[in-house]
Amino acid sequence: MELILDLLYIFVAAYTFYFLALAIRNLNDKSFKNELRHVAYEDKENLAIIVYAHNNKKTLGNLVSELKSQDYPLNKYRVFVLLDNCNDGSQDLFVEENLVHVIDIKGVGTIGKDQAVATLLEKLTDNDYIDAYVFLDADRSIASNFLSIVNAALKKDSVISGETVMDMKYLGIVDRIKAAYQKYHMNFIRKARSLFGLAAMADSGVFIISRGIVDEIGDVDFKDVNTELKYSLLLSKIKCRCSYNPNIQTIVHPANYIFRKPKISYRLDLFKNCLPQLFSTNFVFTEHICSLIYPNIWLLLIIYAILFNHSLTYHFMVDVKLVSLTFVVLVAAFGISLVNAKMTMEEIGYLCAYPVYSIGHIIRNFPPIRYFVNKILDKGNESVSSEKYVVDVIITTAKKNNLNYKLEFIQKDGMSKVKLMRKNKHFVTKSHLRMIDALQELKLILDDHGAILRICSCCSHFQPCVDGTTNMMRGYCNSQYPSPSINNEQRETVAWNTCSSFSPAKLNNLIAEIIQASNESNNSLTNK
């Protein structure tokens, strides 16, 4: 028990001084202010603006008009609008429109932002014009210098998320509380972390990323707020952290406001699965993993209350005065954090009410209560986020023998791993953010034993396909066996297929080539 209390004190003390450091650093944001002074003088990048819309006709027309009125050279940006199964007449806005490229997705239902964006990125793969992508939701509104600010920010960072501004006046009480917390989180936590050079979470509503990084990773992951967090971790892992920039602002109408925050359970699962990778030379990635377990206000208060009670009665590693001092530092840090958070007194009042909302939210989502509420509301149980798929594969041993194995692809709680099985023996890789990383681990182990995994992703004829997934398991076969294709078209395949025309890729694995290219690109970016 004594050891547990010692660890709890170390945890809250470390978080308290981390919070204090953020509060003090946030007082000096001159770097962002200086950036605004030079936006008009920066060399202009070629930007591809990608707007996703699903029945957003009212706000979409306004956003397109604002994009066409930017103080940015017209020959330096192109606008692509994704209409995802819109039935509100959104397509009528572009009947006589020549400056906007419209992709109208019909006849396949609503495919969602993730797949719609992936479809467009696949079409833009060979477009050498593009230097960076700017993703916007159709419910946003922007200023006339928005693209100029984006361009200036790209000179410093390759991956950027921006600030979402909303007018709380027309929101209900609960939404005002959530909006106040979100504003505080952006103007304090995210901004201060960015000033320290730490990673921020990607926000698909306003997100900028350099073309080269998309080519390296092969996709973006905009399925939901949880996958955006996972995608942010992946960016940190390859040393292309997402940076938050408060100068890049989009305005959301109150009617379209949605409170977005990753689930606690999802954060904890990510932390647990990333724990084996915690001790890395990549400090930003390591810190990003640790930031997943930040405590909420109730947990902090409960821990401090336990520590006060124990230190008053029993011998403890520190005196009660030191516990009190640490708590006072935390309270002072909160006060300092409000100085440059750009919040009104009314908004601060709503922010102070957020703990009440959060405890109600926790009670509402307590498993037994959630079960009965869902029963009453006829929502049913949520499905477990776990998928498995087993395929037959062939491995060529060092003695040139071909042996039959089974390969199981496992995705659970947002993490991926593969399991190699033969009779009563099996090998399971560690958990990875991407399936190709799990395959890479398996490939390296087989290499050590002189063996070759004879699947498409290890073949020289395989070309990965950008299909909207982090794992990138689809692709094309460029083999001319047994005869050239009549239409000279690439044949679609998947990463785990095996055929008689298998030819080991350079480095014995195409995955290794992808990762090697990614590392080389990272080095070149660092040198620049």
Side-chain angles (χ1 to χ4, degrees), residues 8 11-13 15-16 18-20 22-23 26 163-193 201 203 224-226 229 252 254-268 291-309 323-324 326-377 379 382:
L8 284 176
F11 173 69
V12 295
Y15 181 79
T16 296
Y18 158 77
F19 194 86
L20 177 63
L22 290 180
N26 199 50
E163 180 181 354
T164 300
V165 181
M166 73 292 292
D167 187 354
M168 298 185 195
K169 185 167 57 176
Y170 301 103
L171 294 175
I173 296 297
V174 174
D175 282 335
R176 290 187 188 187
I177 292 172
K178 293 188 288 187
Y181 172 81
Q182 186 167 310
K183 182 174 182 178
Y184 173 76
H185 194 267
M186 286 187 295
N187 289 342
F188 166 51
I189 300 289
R190 289 194 182 185
K191 187 173 72 171
R193 285 178 58 85
M201 195 182 95
D203 178 2
D224 53 40
V225 67
N226 292 324
L229 174 60
V252 176
N256 300 316
Y257 170 71
I258 298 175
F259 182 65
R260 303 175 78 252
K261 186 180 179 183
K263 293 182 178 179
I264 296 176
S265 58
Y266 191 87
R267 287 195 287 112
L268 294 178
S291 71
L292 295 173
I293 56 171
Y294 66 87
N296 63 19
I297 182 62
W298 288 111
L299 182 59
L300 280 172
L301 291 177
I302 290 171
I303 294 176
Y304 268 116
I306 293 172
L307 293 174
F308 275 131
N309 180 67
V323 176
S324 302
T326 310
F327 181 74
V328 169
V329 170
L330 178 64
V331 175
F334 175 71
I336 297 172
S337 71
L338 296 174
V339 174
N340 207 20
K342 302 175 183 176
M343 302 183 72
T344 64
M345 291 303 297
E346 182 182 5
E347 290 170 344
I348 293 174
Y350 286 124
L351 175 65
C352 293
Y354 182 79
V356 179
Y357 160 79
S358 67
I359 194 67
H361 182 74
I362 291 171
I363 294 172
R364 162 67 177 78
N365 285 278
F366 193 63
I369 296 176
R370 182 175 59 195
Y371 174 79
F372 286 111
V373 170
N374 288 342
K375 277 289 186 182
I376 294 171
L377 298 178
K379 288 187 176 180
E382 295 179 0

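Each residue takes its place number in the sequence, starting with 1.
The two residues Ala333 and Ala23 have their closest heavy-atom pair at O-CB, 3.5 Å. Residues Ala179 and Leu171 approach most closely at CB-CD1, 3.9 Å, considering heavy atoms.
Here the CD-CG distance, from Glu163 to Asp203, works out to 11.0 Å after rounding to the nearest 0.5 Å. Between atom CE of residue Met345 and atom CG of residue Leu338 there is a gap of 9.0 Å, rounded to the nearest 0.5 Å. The distance from atom CG of Leu22 to atom CD1 of Ile336, rounded to the nearest 0.5 Å, is 11.5 Å. One distance of note links OH of Tyr350 with CD1 of Ile177; it measures 8.0 Å at 0.5 Å rounding. Note that CG of Asn340 is 4.0 Å distant from NZ of Lys191, once rounded to the nearest 0.5 Å. Atom CZ of Phe11 is separated from atom OH of Tyr15 by 8.5 Å, given to the nearest 0.5 angstrom.
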- Task: Evaluate the side chain to side chain contact (heavy atoms under 4.5 Å, CB included) criterion for residues Leu268 and Ile293: first the C-alpha distance (whole Å), next the side-chain angles of each, then the deciding distance (0.1 Å), finally the verdict.
- Result: CA-CA 7 Å; Leu268 294 178; Ile293 56 171; 4.1 Å; yes
- Going through the checks in order, is the side chain to side chain contact (heavy atoms under 4.5 Å, CB included) test met by Thr164 and Arg260? CA-CA 11 Å; Thr164 300; Arg260 303 175 78 252; over 6 Å; no
- Query: Passes side chain to side chain contact (heavy atoms under 4.5 Å, CB included), Tyr257 versus Met168? Steps please.
  - Reply: CA-CA 10 Å; Tyr257 170 71; Met168 298 185 195; over 6 Å; no
- Task: Please assess Thr326 against Leu330 for the test side chain to side chain contact (heavy atoms under 4.5 Å, CB included), listing each intermediate value before the final yes or no.
- Result: CA-CA 6 Å; Thr326 310; Leu330 178 64; over 6 Å; no
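A 4.5 Å side-chain heavy-atom check between Leu299 and Ile303 finds at least one atom pair inside the cut-off. When side chains are defined from C-beta on, Tyr304 counts as touching Thr16, because their heavy atoms get closer than 4.5 Å. Side-chain contact between Arg190 and Met201 is present, with heavy atoms from C-beta onward closer than 4.5 Å. Looking at heavy atoms from C-beta onward, Arg267 lies in side-chain contact with Tyr294 at the 4.5 angstrom threshold. Contact annotation: the side chain of Tyr181 never approaches that of Ser358 to less than 4.5 Å [non-hydrogen atoms, C-beta and beyond]. Contact check for Val252 versus Ile258: no side-chain heavy atoms found under the 4.5 Å cut-off. Phe259 is not listed as a side-chain neighbour of Asp175, based on a closest heavy-atom distance of 4.5 Å or more. Side-chain contact between Phe334 and Phe188 is absent, with no heavy atoms from C-beta onward closer than 4.5 Å.
Within a 6.0 Å sphere centred on CD1 of Ile348, other residues, nucleotides and ligands contribute more than 12 heavy atoms. Within a 6.0 Å radius of CD1 in Ile359, more than 12 heavy atoms belonging to other residues, nucleotides or ligands are found.
Remark: the backbone N or O of Met343 is not paired with any side-chain donor or acceptor of Asn187 at under 3.5 angstrom. One N or O on the side chain of Lys183 and one on the backbone of Lys342 form a donor-acceptor pair closer than 3.5 Å.
Judged purely by distance below 3.5 Å, without hydrogens or angles, the side chains of Ser337 and Tyr184 pair a donor atom with an acceptor atom.
Using a 4.0 Å cut-off between charged nitrogen and carboxylate oxygen, Glu346 and Arg176 count as a salt-bridge pair.
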